[in-house]
Every structure is written in C-alpha cells, then in structure tokens.
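Proteins come first, then strands; the chains are lettered A, B, ... in the order of their sequence lines, and each starts at number 1.
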Amino acid sequence: MSNAKPRLRFAPSPTGYLHIGGVRTALFNWLWARKTGGTFVLRIEDTDQERSTPENEAVILRELRWLGLEWDEGPEVGGAHGPYRQMERLALYGEFADQLVERGAAYRCTCTKEELDAQREALKARDAKAVFRYPGTCRDHKGPKPDRPWVLRLKAPTSGAVTYEDLVFGEVTTPNSAQQDAVLVRADGVPLYNFGAVVDDITMGITLVARGRDHMVNTPIQILLYEALGRTPPRFAHLPMMLAPDGTKLSKRHGAVSVGEYRDKGIAPAALLNYLVRFGWSFGDQEVFSVAQLVDAFDWARCGKGDGKFDAKKLAAIAFEHLKRPELTSLEAYADTVAPFLEKRGLPGVDRGLLLAAIPHVRERAQTLVDAAEGLDFLFRERPVYDEKAVKKFLVPEKASHLGALREVIASSPDFTRAGLEAHVVAWLGSRSLELKDVAQPVRVGLTGRSVSPGVFEVLELLGRDRSLDRLDHALSLLAAAGGA
RNA sequence: GGUCCCAUCGUCUAGCGGUUAGGACGCUGGCCUCUCACGCCGGUAACGUGGGUUCGAGUCCCACUGGGAUCACCA
C-alpha cells in the first residue's frame, strides 16, 4: 500500500434531518481522518430528487458543524474534487456510463417501467413468494444509444464471486450469482446510488469507505463496478447497526433520533459523540473521552461487529459526566454552552462573572444544560420565581419560626463569604441548640424560590449581602402572610 | 425464500486457550449530608444450544437456534 494520507467521506442524502446513526458514521470517518492526518470529505447525495431539498442539506451542514465534525472538502468549503453535490456532477456519470458500455460491463436497456411492472405482477400472480429479477431482455443490446428512452444496466457476471477484506468484519465473500442487472443510471441521466457513489469515490480519490452495515450488501456490486472500470476499489469498513431498544430500526417513534433534538435537550456535542462512539467501538474499560482523546485512541481494530441498542439512560449518564468534569467542559465552555439555555428562559446576556462563579455549584447537580439553566435561573432575576409548592411547604410558621432571627444573624455576619457565613451562622445555631437542618429549607426557598439548590452559604455568597437580605425580607413577608399575621 | 452479517449481565462492552468472566449504565443496600445532587463502600445480573479440536474452551472449527441487513429507475 501507498503511504498516501487516507481520504474518507460522509455522504448523506438530504432527504430529512441528520439521523443519529448518520452522525455515528460521520464520526468514525472523521476520527480516522483526524487521527491519520487524512482528509474528510462531505458529499451530498441528492440524486433522489423527489425527497432531497436544500433545506435538509442546510440542516445537515449546520448539525455537523454544531457537532464539530468539520469537513475538509465539501459544500461551502470547496476543494479540489468538487462539485460536492451529485446533481452538479451529472456530466461525470455520463462519461463513466459510456466507459462501462464500451467495456461491455453495462448495457442500455429500453424496457419501460410499465413493462417491467407488468412482468413483476404476472410473476406475483403465478407465485406469490417469487422474487422478480430483471430477465435480461436487453442484455445483449449493443451499438449506438437507442432513440427510445433507456436506462443503463449492469451486465452482472453470472459466475465467480467478490471477496474483500473488511476492516471490521474481516473477509467477506459474495457469489456473483446473487447479483442482478441492476439499474445504474435512470433514463434522465441521473445515477442511482451504487453507480453515483462509485464514480464519486473514484473521482474524489476516496481510499476508505466506512459506512453502516446496512450498506454491506452494496459493497460487492460496487467492487464489480470498480473492476469493470479498471480501478482499484477503496478499503471498506462496515459498522454494526445502532438499533432501537426493542431491537428494531431506530426511528422517530423510539424518541429522539435527530441531532437537533439532543441539542435542544441540552446534550453537549462532545457528550453525544462520546456516547455514539461506543457503538461498535471500545477502548478497554474507558467510558468517558474528550474528542481529542477519541482522535488519539480510535482504531478500526477496536471496532466490534455486534449490533447495539440505543440506551437513553446511558447517554444521559455520559452527558452528565461531560458536564460535571472541568477537564471535559471548562468553566468558560460551560458558560458558553449554557448561555443559550438561559436566554431561552428569558435571561439574555447574564453577568459573566456571576455565571462563572455559580457554575461549580450547579454542574454536579445538572444532568443537562437545560437543568443547569433551571438551577442558575434564580441568580439572574431581581427576585427568584417562587415555586408555589416550596413556599407553601416551607415559608409557614411551623417550618420557618427562626427565619426572622436568622435574617438578622446573616445580616450581622462580618464576612459575607461561604466560610465566614457558615462559621457565623453555625455558632449562633449552637447557642440556640439548633442544627442547620432545622432552619435551612426556609432560607433556601427564600433565597432561590425553590426547595432544591446549591448549599445555602454558597447561595448567600453568590447573591451577596444586599440581594440576599432583600430576598429574606421578601420571604418574611410571605411568611407573615401565611401566618395570617 | 436468495445472499450477506452477527451472538458475553436488562443495555453498551472488556476478554484475542488457563480469569473468582472485568468495567460502565440501570436497578439496589449503606455511608456522607442544610435540600437536591456529587462522592464513597457494597449488592444484583451474562458466555444461546449441541457437537467437535485441545491436557484445558467465552475464546478455535462445525451444526443448530435466535437476531439483523438487503433483494427499487431510494440512499
């Protein structure tokens, strides 16, 4: 083999949102390109004109960028092998189609879809279980292009077999008898998947094709095309399937399958990639990886063959790990990623210093960025949004009898820091034979509006003396109202 | 049905002839504790079946069973 840098590609079809399974495929290609210093190409396979839309393409590009899976060549970034949309490469397919005919590996077929459908129906009537295969009516057609509409068909070999060495699955052999004279190019000159992909992979210099196992059945026919064109096939690596929890194909009805949904749920890109990479790839006992670590550790030899089932709980756990660990999500990065979620709560452009100071206290109790924004919310309002249930439960005479006194104790603290406040308050509690747990909840609700928050001393320090006392005063007024005073 | 592929706890997986079969998620008992969490300690649970090969099989071979992919002028 040459030591040329590998060229890999991700070739989505813009027929819908970016599927989570597609992201996994893109990720593996991207990782290998980054690890080896190779090239990651993005190609848009938009030959299904019925379903492809520019809007879908735009979404795919946006999601890939959000994930950090930047492409070296492709739409919007260009490259030496463009254009990168198949519908802009039509002339190329024509050239290769002619080559195939010249070499006797394909032929022009003038059977109409109607004729074929009729034959298919007839066969069905005779034998319901029979599978229709093109009978080869035009197989020996030669000479110039017909004056009737025609499609290009593969002249599939009837004997022999195709064998290739899959980077993941090892040696795979498929008898040529399994092939049929598949349509390569439609009557309008638009290629079908197998032909378009091969022509593009050839002309784009792709050296390694990594894709889902569902494409494994296409590989022999593609290799046949490479050989017919006198080209060396690339290496292939097939990835096991990612299935739904019930073992069926992962789809909308099983929950979120589009990348956008995970973004909206507050899952960080690196966390999603970390979760996805563990499908069909492992690195000893390590579960949590930064993207840089993945680039470093990734290897086809560590890929498994068994299909996997999507587990939302595990994803949540991985996402949490990323949010929790400063080495994976720095303070600054955390602040940047949570900001949009605060904005969604009506808190745009919050005080950066306060945000940075607060994050260490919320990051270990926020599973997602949505949770984090919820936990941070109280800091950035004049007064917190008081949770009705929490107020009814804790800002009542039976529970908050010491709140007034505590307000004064806090106000008199000489040092309004977490440690200073704690020392001061605990000393007072000791003198009254009280424990912190006897008085903390009403204070917490008063300060944050909620019964769940970081420690009360942390909250006091974050809020500062003025805002803290204002909130405690407000809590006392709520208490008075509840006590019917 | 044809062709291809796969098979370790419920789930993701480690294991590359000799292990008390390990880790993670989940579930669960306890500790810590101002709430909720985090954290820490412990528990639960797996090699689909049958044949071989071998001194010795989760690891190698075969069969079976089970599961998946695909059989379009979709990709």
Between protein and nucleotides 67-71 of chain B, what N or O pairs are separated by less than 3.5 Å?
unit_1	atom_1	unit_2	atom_2	d
B:rG68	O2'	A:R213	NH2	2.6
B:rG68	O2'	A:D307	OD2	3.4
B:rG68	N2	A:R213	NH1	3.0
B:rG68	N3	A:R213	NH1	3.3
B:rA69	O2'	A:D214	O	3.4

Which atoms of nucleotides 20-22 of chain B (N or O only) lie under 3.5 Å from a protein N or O atom, and what are those distances?
unit_1	atom_1	unit_2	atom_2	d
B:rG22	N2	A:D285	OD1	3.0

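The partner of B:rA7, taking Watson-Crick or G-U wobble pairs whose two distances both stay under 3.5 Å, is B:rU65. The base-pairing partner of B:rU33, taking Watson-Crick or G-U wobble contacts with both distances under 3.5 Å, does not exist among the strands shown. In this structure, B:rA72 makes no Watson-Crick or G-U wobble pair, since no nucleotide meets both defining distances under 3.5 angstrom.
Each of B:rC73, B:rG23, B:rC6 was ranked by its minimum atom distance to the side chain of A:K305; first place goes to B:rC6. Each of B:rA72, B:rC74, B:rG23 was ranked by its minimum atom distance to the side chain of A:D48; first place goes to B:rC74. Across B:rC6, B:rG23, B:rC74, the shortest atom-to-atom separation from the side chain of A:L192 is found for B:rC74. Nearest nucleotide to the side chain of A:K313, out of B:rC25, B:rU3, B:rA14: B:rC25.
A:R108 forms a cation-pi arrangement with A:W150, by the criterion of a distance under 6.0 Å to the ring centre and an angle within 45° of the ring axis.
Side-chain contact, A:R89 with A:T47: no donor N or O sits under 3.5 Å from an acceptor N or O. Side-chain atoms of A:H322 and A:S290 include no donor-acceptor pair closer than 3.5 Å. Defined by atom type and a distance below 3.5 Å, a donor-acceptor pair is present between the side-chain atoms of A:Y107 and A:D181. Counted by atom type alone, A:R148 and A:T110 present one or more donor-acceptor pairs between their side chains at under 3.5 Å.
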Stepwise side chain to side chain contact (heavy atoms under 4.5 Å, CB included) test for A:E88 and A:Q86
CA-CA 5 Å; A:E88 296 169 8; A:Q86 292 192 316; over 6 Å; no
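Under the side-chain hydrogen bond (donor to acceptor under 3.5 Å, both in side chains) criterion, the residue pairs touching residues 393-411 of chain A are A:R407-A:D473, with sequence neighbours excluded. Pairs passing the salt bridge (Lys or Arg N to Asp or Glu O under 4.0 Å) check and including a residue from residues 415-444 of chain A, sequence neighbours excluded, read A:R418-A:E422. Counting only residues at least two apart or on different chains, no side-chain hydrogen bond (donor to acceptor under 3.5 Å, both in side chains) pair has a member in residues 356-367 of chain A.
Residue-level contact check: A:C111 touches the bases, meaning some heavy atom is under 4.0 Å from a base atom.
Atom-to-atom, CD1 of A:I60 to P of B:rA75 comes out at 14 Å; the value is rounded to the nearest Å. If you take OH of A:Y93 and P of B:rC73, they are 19 Å apart, rounded to a whole angstrom. In this structure, NE2 of A:H254 is placed 15 Å from C1' of B:rU11, rounded to the nearest angstrom. Here the C1' atom of nucleotide B:rG1 and the NZ atom of A:K124 are 11 Å apart, to the nearest Å. Summarising the geometry, the separation between CG on A:N194 and P on B:rU3 is reported as 20 Å, rounded to the nearest angstrom. One atom, CZ of A:R186, and another, C1' of B:rC74, lie 8 Å apart when rounded to the nearest Å. Residue A:F10 contributes atom CZ, which lies 15 Å from atom P of B:rA75 at whole-angstrom precision.
For A:F298 and A:F283, the ring centers are positioned 6.0 Å apart or more.
Between A:S177 and A:A11, the residue anchored closer to the 5' end of RNA chain B is A:S177, taking for each the nucleotide with the nearest heavy atom. Positionally, the nearest nucleotide of RNA chain B for A:A178 lies more toward the 5' end than for the other of A:A178 and A:R51.
Taking the six-membered ring where the residue is Trp, A:W300 and A:F28 present tilted rings, their angle falling between 30° and 60°.
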Going by atom type alone, with no hydrogens or angles, which donor-acceptor pairs under 3.5 Å involve a side-chain atom of residues 124-133 of chain A and a protein atom two or more places apart or on another chain?
unit_1	atom_1	unit_2	atom_2	d
A:D127	OD1	A:K129	N	3.1
A:R133	NH2	A:S177	O	3.2
A:R133	NH2	A:Q179	O	2.5

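Classification of A:R325 and A:E321 as a salt-bridged pair holds, one side-chain N sitting under 4.0 Å from a carboxylate O. A:R345 has a carboxylate O that lies under 4.0 Å from a charged side-chain N of A:D377, or vice versa, which qualifies the two as a salt bridge.
For B:rC74, the OP1/OP2 oxygens have no side-chain nitrogen or oxygen of A:T15 closer than 4.0 Å.
Sorted by residue number, the members of residues 157-174 of chain A with any non-hydrogen atom under 4.0 Å from RNA chain B read A:F169, A:V172, A:T173, A:T174. Sorted by residue number, the list of members of residues 388-404 of chain A with any non-hydrogen atom under 4.0 Å from RNA chain B is empty.
Taking atom P in both B:rG58 and B:rU53, the straight-line distance is 16 Å, to the nearest Å. B:rA7 and B:rC61 have their P atoms separated by 11 Å, given to the nearest Å. Rounded to the nearest Å, the gap between the P atom of B:rC25 and that of B:rC38 is 11 Å.
A:D214 places no side-chain N or O within 3.5 Å of a backbone atom of A:P240 that could act as its donor or acceptor partner.
When the ring pair (Phe, Tyr, Trp, His ring centres under 6.0 Å) test is applied to A:F279, the partners found at least two apart in sequence or on another chain are A:Y275. Contacts of A:Y193 classified as ring pair (Phe, Tyr, Trp, His ring centres under 6.0 Å), with partners at least two apart in sequence or in another chain: A:H215. Remark: A:H424 pairs with A:S412 by the side-chain hydrogen bond (donor to acceptor under 3.5 Å, both in side chains) rule, at least two apart or across chains.
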How does each nucleotide of nucleotides 31-46 of chain B score, in 5' to 3' order, for protein heavy atoms under 4.0 Å: base (B), sugar-phosphate only (S), or none (-)?
---BBBBSS-------
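Regarding the sugar-base torsion, B:rC38 falls in the syn class, its angle being within 90° of 0.
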